[in-house]
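What you see is a predicted model; the values in this text were computed from it and never measured.
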2 protein chains.
Amino acid sequence: MKIHNFKYHERGLNRFFGPLEAKIMNILWDSSELAIKDVQAKLDQDQTKPLNFNTVMTVMNRLVDKGFLTKRTEGRTGLYQPMVSRDDFLENQSKELTHELIEEFGPLVVNHMLDALEEVDVDLIAMLEQKIKALKKDN
Amino acid sequence: MKIHNFKYHERGLNRFFGPLEAKIMNILWDSSELAIKDVQAKLDQDQTKPLNFNTVMTVMNRLVDKGFLTKRTEGRTGLYQPMVSRDDFLENQSKELTHELIEEFGPLVVNHMLDALEEVDVDLIAMLEQKIKALKKDN
DNA sequence: CACCTCACACTACTTATTGTAGTTACCTGT
DNA sequence: ACAGGTAACTACAATAAGTAGTGTGAGGTG
């Protein structure tokens, strides 16, 4: 259940997964518990070329091996669902990445932080300010 | 000259490069301009098993192809040096990563920021505070 | 001038990751 | 007992990274 790479030039889940893996995780996170063919059907909705059942199965089982999905067998049908919720996943990843980044680059990150926040969403700077204030009050 | 991956569970340059690539970059960054055999010699200092000359050459030339090293031919001997300084490299990477992280996770990162700073180096929080103050004064 | 050596180029094999898909085996309901 | 669907097993392609063999060319030395 460990992500190893954060890909710079991708977006969203593609930063953590391969493109097909990412689509599958998204589908599973948007549903409760699905069989392979359900996932395949959903994938085929925005794909022009239908995906081979076995392709979907292989990738899903690999995701199970890696600990991102859990599999439950009901009769002969496997039912898959994510190990953790999307929110938890993103929470964990952002936390881990933030820590790694600070650990690795401490001062450099602080230097770039405000620029980045300004560019993306200035309100986040206010949010950060609040958090610092709150932290100081606690001590 | 683009790094594609940031590896979570490595340290230092190994986050950006393969292990041998990282050692080579380090050696080149600690020297001015080196030939392959010089790099090989330095690598063999902390390696128990000496590295094949061709191995070192292949990896160095790949680093040239990727744009991390430049190569200059003096007579028949190729001389290699990093495209940018170690500081610039780390500066660029930390900047890019910080931006990507904020772009992807904005509020989540802000949430984890202070924790991370506290754990690694509390002085960095003061530094961040200063930067926010300076920013507000500018506007 | 012939040759030997060294540095380089070219090529290839290995492992791991991800996407892809064929073949085979098995189970279940009819 | 069989058909159809589900799953397991196996394999192949591409990419990245580490490793290394073979071939080539240029220069100094006898």
Side-chain angles (χ1 to χ4, degrees), chain A residues 1-10 13-27 33-41 43-44 47-80, chain B residues 1-10 13-27 33-41 43-44 47-80:
Chain A
M1 176 51 171
K2 276 271 165 243
I3 293 283
H4 292 105
N5 283 297
F6 178 75
K7 294 169 195 146
Y8 280 43
H9 306 296
E10 300 287 340
L13 290 179
N14 285 306
R15 292 186 188 271
F16 306 104
F17 298 98
L20 181 54
E21 291 179 323
K23 281 179 205 144
I24 289 173
M25 289 307 292
N26 258 327
I27 287 170
E33 205 186 25
L34 295 178
I36 297 172
K37 64 168 187 183
D38 300 326
V39 174
Q40 183 193 18
L43 283 167
D44 288 349
Q47 240 65 17
T48 39
K49 44 228 130 178
L51 279 163
N52 185 292
F53 176 93
N54 285 330
T55 299
V56 181
M57 178 173 61
T58 301
V59 174
M60 286 176 70
N61 283 332
R62 282 179 186 160
L63 286 169
V64 172
D65 293 341
K66 295 182 199 168
F68 297 114
L69 296 181
T70 57
K71 178 181 179 180
R72 172 172 86 79
T73 305
E74 169 134 345
R76 53 217 153 287
T77 303
L79 293 173
Y80 299 74
Chain B
M1 176 51 170
K2 275 272 165 242
I3 293 281
H4 292 105
N5 285 297
F6 178 75
K7 293 168 196 145
Y8 280 41
H9 307 295
E10 300 288 341
L13 289 179
N14 285 304
R15 294 187 187 269
F16 306 106
F17 298 99
L20 182 53
E21 291 178 322
K23 281 179 206 146
I24 290 174
M25 290 308 292
N26 259 328
I27 286 170
E33 206 185 24
L34 294 179
I36 296 172
K37 62 168 187 181
D38 300 327
V39 174
Q40 183 192 18
L43 283 167
D44 287 348
Q47 240 65 16
T48 39
K49 45 227 129 183
L51 279 162
N52 184 291
F53 176 93
N54 286 330
T55 299
V56 181
M57 178 173 60
T58 302
V59 174
M60 285 176 71
N61 283 331
R62 283 179 186 161
L63 287 169
V64 172
D65 293 341
K66 295 182 198 167
F68 297 113
L69 295 180
T70 57
K71 178 181 177 178
R72 173 171 86 78
T73 305
E74 169 135 344
R76 52 216 153 290
T77 303
L79 293 174
Y80 298 73

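Regarding contacts with the backbone of C:dT17, every side-chain N or O of A:Lys66 stays at 4.0 angstrom or more from both OP1 and OP2. For A:Lys37, no side-chain nitrogen or oxygen approaches OP1 or OP2 of D:dG5 to under 4.0 Å. Between A:Thr55 and C:dA21 there is a side-chain N or O to OP1 or OP2 distance below 4.0 Å.
Residue B:Asn54 places a side-chain atom within donor-acceptor reach of the base of D:dT22, judged by atom type and a 3.5 Å distance cut-off alone. Residue B:Thr58 places no side-chain atom within donor-acceptor reach of the base of D:dA17, judged by atom type and a 3.5 Å distance cut-off alone.
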Checklist entry - For B:Ile27 and B:Asp38, what are the C-alpha separation, side-chain angles and deciding distance, and is it a side-chain contact (heavy atoms from CB on, under 4.5 Å)? => result CA-CA 10 Å; B:Ile27 286 170; B:Asp38 300 327; over 6 Å; no
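Atom CG of A:Asn5 and atom C1' of D:dA16 are 11 Å apart (whole Å). Rounding to whole angstrom units, CG of residue A:Asp38 and P of D:dT6 are separated by 9 Å. In this structure, CG of B:Asn14 is placed 12 Å from P of D:dA17, rounded to the nearest angstrom. Between the P atom of D:dT19 and the CG atom of B:Asn61 lies a distance of 16 Å, rounded to the nearest Å. In this structure, CE of B:Met57 is placed 14 Å from C1' of D:dG18, rounded to the nearest angstrom. Separating the CZ atom of A:Phe68 from the C1' atom of C:dT18 is a distance of 13 Å, rounded to the nearest angstrom. When the P atom of C:dG19 is taken as reference, atom NZ of A:Lys23 falls 9 Å away, rounded to whole Å. As rounded to whole Å, 13 Å separates atom C1' of C:dT20 from atom CD of A:Glu21.
Distance check, rounded to the nearest 0.5 Å: NZ of B:Lys2 to OH of A:Tyr8 gives 9.0 Å. Here A:Glu10 contributes atom CD and A:Asn5 contributes atom CG; the two are 11.5 Å apart, rounded to the nearest 0.5 Å.
You'll find that the side chain of B:Lys71 is closest to C:dA9, out of C:dA21, C:dA9, C:dA12. Between D:dA7, C:dG19, D:dG21, one nucleotide has an atom nearer to the side chain of A:Phe53 than all others, and that is D:dA7. Considering only side-chain atoms of B:Arg62, the nucleotide from C:dG19, D:dT19, D:dT6 that sits closest is D:dT19.
For A:Gln40 (side chain) and A:Leu51 (main-chain N/O), a donor-acceptor pair under 3.5 Å exists by modelled atom type. Side chain of A:Lys7 to main chain of A:Leu13: no donor-acceptor pair is present (N/O by atom type, distance under 3.5 Å, no hydrogens or angles).
In this structure, B:Gly78 and A:Lys7 both approach DNA chain C, and ranking their closest nucleotides by distance from the 5' end singles out B:Gly78.
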